[in-house]
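Note sheet for the following structure.
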Amino acid sequence: MVRGRERERRGQGRQPESGASAGLAGVLCPSGVGHRVMFGLSVHPIWTRTLVRRWLHQEVLLWPFLKLLALGSVVALFCELGIYYAVILRCDWPPLQEPQGSSAPVLKALFLADTHLLGALRGHWFDKLRREWQMERAFQTASWLFQPDVVFVLGDLFDEGKWSSPEDFRDDVKRFQMMFRHSSSTELFVVVGNHDIGFHHEMDWYKLQRFEGVFNFTSAKVVTRKGINFVLVNSIALQGDGCSICSQVENDLQQLSLALNCSRQLDPSHSSENCKGKEIFPPSAPILLQHYPLYRVSDEECTGEDSASPEEKQLLFREKYDTLSLEASKKLLWWFCPRLILSGHTHSSCTVLHNGLLPEISVPSFNWRNRDNPSFLLASITATDFTLAKCFMPRESTVITIYLAAGVLAINLLLFHFHFWQWLMHYLIDKHKST
């Protein structure tokens, strides 16, 4: 009886349910209170746990991502910007041993050669982008650090100048001018190379005049700065075969030689009548700048870390192709009696003494496509003296090594973050114990 009354009292507060709702409530929840409790436990904690799991999952992935991003940014900034400063800062203007009390003005000149900008016909787009970025960074860094008075580029500015259409040539020139932009206090002069207008049999007036018009270059030109004479020569035209371009270039060079010798009064046979009307230059021995080197048999005697490889040193040079002919070389030395000759073309460094006295330096290529360790020259020059310093740029192999090392470090950071190495160690230990 007591139990029956207790059951009746428990049932007084229950509300009648009908239809499907009553059936569902009877299956899922014994009472209305139980229904409310079960609803709170089944939805809100699961929703909260899901958010927590997602947040923890994102946290697990976010931190390694941020670490890799920071590592990649630091490595990229160093390899694409900082390394040029780190390497080029090792170089400086070479000091001159001028007599005490001398006040001769010093010209600071930078020399580079064989930039070989690819055109529309050859090379992969990424190769172009990469090489041009490297050369631009190297030149802009050197230009900002050293502030040269004058820059000379010794030929082969372009790789495809001899084939370029007018539109492609304009595009190549625009890219070159962008890469080698400079402050108003620095002048830039160029010498024509065989890749700019073609070898002798490919050269014509159109290609030559197109190049001359853009770069204010003439095939026989004297540039004078601070009492120092530089003779810029179109060495492609010194073939001695009487072609129309060759004849005019040789005639212009002879006239310049006469003017320089009159200014220096080297030849007593030059009467006042012969020198009348000639341009007057400072009375200093000139510096000869051209693309082809003067005649030499090979690079066998060349030394230095940026000289030709042992295999290349065994190769004999071909006259009028690898070097000027012996005859043309003798003419230039006779006409100008230079105190220094600077050339390019071989892509490797070499120092040669002509007649046992006159130094010629072949400037290596400025392009990483041609060599792993490009370089340029810094020169401190007066009217009577000069000193040179070679400045190396970052080795491409060094940059690649840094990127590879950073990649290995990044992979290891990920593996440590996800405890891979710990798992592998325990696995190997357990396997060893089981055996």
Side-chain angles (χ1 to χ4, degrees), residues 75-88 91 110-146 148 151-183 186-198 207 210-211 214-215 217 291 306 344-348 363-377 391-403:
V75 171
L77 283 173
F78 178 75
C79 289
E80 304 305 328
L81 291 173
I83 194 170
Y84 295 95
Y85 291 92
V87 174
I88 295 176
C91 198
L110 187 153
F111 299 92
L112 58 96
D114 294 274
T115 54
H116 282 273
L117 270 70
L118 289 177
L121 302 177
R122 301 171 60 182
H124 190 271
W125 67 267
F126 181 77
D127 181 51
K128 290 184 190 179
L129 182 66
R130 180 67 183 155
R131 304 309 181 190
E132 291 177 16
W133 168 259
Q134 290 169 322
M135 288 190 286
E136 180 178 353
R137 282 297 89 223
F139 179 78
Q140 293 302 323
T141 301
S143 182
W144 184 81
L145 289 174
F146 302 127
V151 175
F152 291 100
V153 185
L154 304 179
D156 278 359
L157 284 62
F158 311 112
D159 196 69
E160 305 170 21
K162 56 185 178 182
W163 303 311
S164 296
S165 66
E167 295 78 15
D168 292 336
F169 186 76
R170 283 194 295 268
D171 179 67
D172 295 344
V173 169
K174 184 177 179 180
R175 285 161 40 227
F176 179 88
Q177 292 173 338
M178 177 63 185
M179 292 165 55
F180 294 94
R181 61 192 181 277
H182 48 83
S183 66
T186 299
E187 295 182 278
L188 187 143
F189 298 95
V190 304
V191 174
V192 71
N194 57 286
H195 277 268
D196 299 317
I197 59 174
K207 296 174 188 174
R210 179 175 70 174
F211 186 90
V214 169
F215 293 104
F217 169 80
H291 181 63
D306 55 348
H345 189 57
T346 63
H347 298 176
S348 300
V363 181
S365 174
F366 195 71
N367 193 323
W368 277 261
R369 189 185 301 108
N370 296 328
R371 59 182 312 106
D372 181 54
N373 57 341
S375 61
F376 56 91
L377 291 183
C391 297
F392 287 95
M393 293 180 284
R395 286 180 177 269
E396 188 170 42
S397 56
T398 301
V399 175
I400 294 173
T401 300
I402 293 173
Y403 274 124

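Below, each value reflects all heavy atoms present in this structure, side chains not excepted, and no hydrogens, waters or symmetry copies. This one's a predicted model, so the numbers in the text were calculated from it and none came from an experiment.
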Within a strict 4.5 Å, meaning less than it, do heavy atoms of the Phe376 and Cys91 side chains meet?
-> no
Does the side chain of Glu396 come within less than 4.5 Å of Ile400's, by heavy atoms?
-> yes
How long is the span from the NZ atom in Lys207 to the OG atom in Ser164, to the nearest 0.5 Å?
-> 9.5 Å
May I have the step-by-step check of side-chain contact (heavy atoms from CB on, under 4.5 Å) for Met135 and Asn367, ending in yes or no?
-> CA-CA 7 Å; Met135 288 190 286; Asn367 193 323; 3.6 Å; yes
Can you find a side-chain donor-acceptor pair between Ser397 and Asp372 that sits under 3.5 Å?
-> yes
What are the two closest heavy atoms between Val214 and Val173, and how far apart are they?
-> CG1-CG1, 3.4 Å
Hey, could you give me the CD/CE distance between Glu132 and Met179, rounded to the nearest 0.5 Å?
-> 5.0 Å
What one should report as the nearest heavy-atom pair of Leu117 and Asp172 is CD2-O, 4.1 Å
Ile402/Ile83 under side-chain contact (heavy atoms from CB on, under 4.5 Å): CA gap, chis, key distance, verdict | CA-CA 11 Å; Ile402 293 173; Ile83 194 170; 4.3 Å; yes
Is the shortest side-chain N to carboxylate O distance from Glu80 to Arg130 below 4.0 Å?
-> yes
Does the pair Asp306/Arg371 count as a salt bridge with the N-to-O cut at 4.0 Å?
-> no
Only pairs at least two apart or in different chains count here, so list each salt bridge (charged side-chain N to carboxylate O under 4.0 Å, His left out) that has a residue in residues 110-121.
-> none
Within the 6.0 Å centroid threshold, strictly below: Phe169 and Phe158 | yes
Min side-chain heavy-atom separation Leu118-Glu160 under 4.5 Å = yes
Does the gap between the ring centers of Tyr85 and Phe78 come in under 6.0 Å?
-> no
Please lay out, stage by stage, how Val75 and Tyr403 fare under the test side-chain contact (heavy atoms from CB on, under 4.5 Å).
-> CA-CA 7 Å; Val75 171; Tyr403 274 124; 3.9 Å; yes
Shortest non-hydrogen contact from Pro394 to Pro374?
-> O-CD, 4.4 Å
Residue that, paired with Phe139, satisfies ring pair (Phe, Tyr, Trp, His ring centres under 6.0 Å) out of Phe180, Phe366, Trp144 | Phe180
Asp159 bridged to Arg122 by N-O distance under 4.0 Å | yes
Tell me, do Pro364 and Ser375 make a side-chain contact under 4.5 Å, heavy atoms counted?
-> yes
For Val363 and Leu112 the tightest heavy-atom approach is CG1-CA, 4.1 Å
Can you check side-chain contact (heavy atoms from CB on, under 4.5 Å) on Phe152 and Val190, steps first, answer last?
-> CA-CA 6 Å; Phe152 291 100; Val190 304; over 6 Å; no
Nearest 0.5 Å, what's the NZ-CZ distance between Lys128 and Arg369?
-> 9.5 Å
Taking every heavy atom of Met178 against every heavy atom of Gln140, the minimum-distance pair comes out as O-NE2, 4.4 Å
Between Asp196 (side chain) and Leu157 (backbone), is there a donor-acceptor pair under 3.5 Å?
-> yes
Is the closest side-chain heavy-atom distance between Val153 and Phe111 below 4.5 Å?
-> no
So do Val192 and Phe217 actually touch side chain to side chain, heavy atoms under 4.5 Å?
-> yes
Would a 4.5 Å heavy-atom cut-off, applied to side chains only, mark Gln134 and Tyr84 as touching?
-> yes
Between OG on residue Ser365 and CG on residue Asp156, distance to nearest 0.5 Å = 8.5 Å
Looking only at heavy atoms, the pair that brings His124 and Phe126 closest together is ND1-N, 3.0 Å
Is Leu145 close to Ile88 at the side-chain level, that is, under 4.5 Å between some pair of heavy atoms?
-> yes
Give me the one residue out of Arg175, Arg181, Arg131 that meets side-chain hydrogen bond (donor to acceptor under 3.5 Å, both in side chains) with Glu136.
-> Arg181
Is the side chain of Thr186 donor-acceptor paired with the backbone N or O of Pro148 at a distance under 3.5 Å, no angle test?
-> yes
Between atom CH2 of Trp163 and atom CG of Asp168, what is the distance when rounded to the nearest 0.5 Å?
-> 12.5 Å
Do you know which of His345, His347, His116, His291 makes ring pair (Phe, Tyr, Trp, His ring centres under 6.0 Å) with His195?
-> His116
